[in-house]
Amino acid sequence: MSGLLHGLLYGLPIITVVLTVTALGLWFERKFAARIQSRKGPTMVGPAGILQPLADVVKMLQKEQLTPASADRVLFELAPILCGAFAVATAAVVPFSPTVVAADLDIGVLYVLAVNALVLIPVWMGGWSSNNKFALIGAMRAVAQSVSYSVPMVLSALVPVILAGSMSLSDIVRYQAEHHWFALWPTIPGLPAFVLFFLSSLAEANRIPFDIPEAESELIAGITTEYTGMKFGLFYMAEYIHTVIASAVASVLFLGGWDGPFYPGLHWMVLKTLLLFASIYWVRWSLLRFRSDQLMTLCWKWLVPASLLLVMAAALFVKVGGGH
Amino acid sequence: MSDAWLALFVFLALSLIVPLSMVGVAWLVQVRARKDSPLKLQTYECGEDQAGPTWIQFHPRYYVLALFFVLFDVEAAFMLPWGASVRELGVVEMTVFVLILLVGWGYAVKKGALRWQ
């Protein structure tokens, strides 16, 4: 019974905050990208255009919802809803502070990785059921890429699991608070594993330099080509939520989560998440996109063996007594 | 323990309600066109009529990738529980396991399974 109440009391605010941060992140990205390109970005709605995402939502709500005549109707309608649901669901186990966590599962890491991988299914559903060639090619690329990059992602997430000896995200943060942040010490499996994890979660979220699935110059809009209004919005939103939560998970696993001096844990967690989030956009607007085959080569020839070696290094470190 | 799982299911329900309500509200408040047009329901192919079927067999290189994925994902599934309790378990056994896997990986790379042309 108390579990139900806990889920409601923590779940509602966490979902609300994640959605708000996502909306602000949208505004932030547009502003940031504009400054990088010597533009001004949104300026009209609200102070410095900060209400622009709200205006976008209103616009998307008004749009007529169309389903192409030749599409597979059930899958087509279901895909954006599932995509949004899976993206939000990842936030359930993330510890935002020692107490603020919706469901403190003792297999949190496994849950995050599993739900992350689930997002693929609605992406493929949407791309296939649209009955549109651009959508199909986009979905094919998205699936191939996410499937490939989920391997180094899982393996590099294994490094903090080994070092902390637990699969619960809260335990991993607590261990780091008592000892060291894993990105700092042990530096050898820690820091490269952090970089690997971050890169692979960028690839999972289809962000530049890994955004070939929706390369707008060749694929119109990838899987979202046939979607209108709020259904397009849900795919778009899911991608941003994915990015926010990937930053949160990376800071939990490698940067000590809510651990930090002077301020309460929640502040540190938000600060670390936002810093990682901003760095994603910095990368996104500075680099070009890779070709599909370059991505696959990078993943399977370099990242997978590298992450296997890091896992073994972490296990050795723990075995020779470095792990307390 | 069971409390956490209950909370998780509540969270999952909430995260399903959010997109459902967004699509629902959008369906209610959307501005509908006064006249239906079959053109609007056409598949988008840059304004041309749709040429040929979309649901075709795809390039086999994706199949090879899927095989690779299954191989390494199952392996990762074995490694996760081992990683959580590595303090009690052996590293040597896992090293042998990983080495066997790397041999297979090397063979596949040498055979050109990852060459895209």
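Predicted model, so just to flag it, every value in this text is computed and none were measured. Letters go in sequence order (proteins before strands), and every chain restarts at 1.
Contacts of A/Ala157 with chain B are absent, with no heavy-atom separation under 4.5 Å from either backbone or side chain. Using a 4.5 Å cut-off between heavy atoms, A/Tyr111 touches chain B through its side chain atoms alone. Looking at A/Ile81, both its backbone and its side chain come within 4.5 Å of chain B, counting heavy atoms on both sides. The contact between B/Trp27 and chain A is made by backbone and side chain atoms together, counting heavy-atom distances below 4.5 Å. Only the side chain of A/Val151 comes within contact range of chain B, judged by heavy atoms closer than 4.5 Å. For chain B, the nearby part of A/Lys63 is the backbone; its heavy atoms alone come within less than 4.5 Å. Of the atoms belonging to A/Val143, not a single heavy atom falls under 4.5 Å from chain B. Contacts between A/Ser70 and chain B at a heavy-atom distance below 4.5 Å involve backbone atoms as well as side-chain atoms. In this structure, chain B has a heavy atom under 4.5 Å from the backbone of A/Asp104, while its side chain stays farther away. For chain B, the nearby part of A/Ile14 is the side chain; its heavy atoms alone come within less than 4.5 Å. Proximity to chain B (any heavy atom under 4.5 Å) is restricted, for A/Thr67, to the backbone atoms N, CA, C and O. With a 4.5 angstrom heavy-atom cutoff, B/Leu102 touches chain A only via side-chain atoms. When heavy atoms are compared at a cutoff of 4.5 Å, A/Val147 approaches chain B by way of both its backbone and its side chain. Of the atoms belonging to A/Leu155, it is side-chain heavy atoms, and not backbone ones, that fall under 4.5 Å from chain B. For A/Leu309, no part lies near chain B; criterion is any non-hydrogen pair under 4.5 Å. Proximity to chain B is limited to the backbone of A/Ser129, based on heavy atoms less than 4.5 angstrom apart. Using a 4.5 Å cut-off between heavy atoms, B/Leu12 touches chain A through its side chain atoms alone. Residue B/Ala13: no heavy atom, backbone or side chain, is found under 4.5 Å from chain A.
Residues A/Lys301 and B/Val109 come closest through the heavy atom pair CE-CG1, 3.5 Å. Of all heavy-atom pairs spanning A/Ala103 and B/Ala4, the tightest one is CB-O, 3.4 Å. Here the closest heavy-atom approach between residue A/Leu61 and residue B/Met22 is recorded as CD2-O, 4.0 Å. When all heavy atoms of A/Gly11 and B/Leu14 are compared, the pair lying nearest together is C-CD1, 3.9 Å. The nearest pair of heavy atoms linking B/Phe72 to A/Leu308 is CE2-CD1, 4.2 Å.
Chain B forms more heavy-atom pairs under 4.5 Å with one residue of A/Val115, A/Val109, A/Leu12 than with any other, namely A/Leu12. The most heavy-atom pairs under 4.5 Å with chain B, out of A/Leu136, A/Leu66, A/Asn131, A/Leu158, come from A/Asn131. The candidate from A/Asn132, A/Val161, A/Val304, A/Val154 with the greatest count of non-hydrogen atom pairs under 4.5 Å with chain B is A/Asn132. Highest contact tally toward chain B, considering only A/Cys83, A/Ala314, A/Ala91, A/Gly233, is held by A/Ala91 [criterion: heavy-atom pairs under 4.5 Å]. In terms of heavy-atom pairs under 4.5 angstrom with chain A, the leader among B/Ser85, B/Ser15, B/Pro81 is B/Ser15. Comparing A/Gly84, A/Pro68, A/Gly165, A/Ser166 by how many heavy-atom pairs each has under 4.5 Å with chain B, the most go to A/Gly165.
Distance alone, capped at 3.5 Å, is enough to place a donor-acceptor pair between the B/Trp105 side chain and the A/Trp300 backbone. A donor-acceptor pair under 3.5 Å is formed between the side chain of A/Lys319 and the backbone N or O of B/Leu89. Of the possible donor and acceptor atoms, one in the side chain of B/Gln30 sits under 3.5 Å from a partner among the backbone N and O of A/Gln65.
When side chains are defined from C-beta on, B/Arg87 counts as touching A/Val318, because their heavy atoms get closer than 4.5 Å. Side-chain contact between A/Ser148 and B/Leu65: present, with at least one pair of heavy atoms (C-beta onward) separated by less than 4.5 Å.
Looking at A/Leu234, A/Leu82, A/Val88 one by one, the single match for side-chain contact (heavy atoms from CB on, under 4.5 Å) with B/Pro19 turns out to be A/Leu234.
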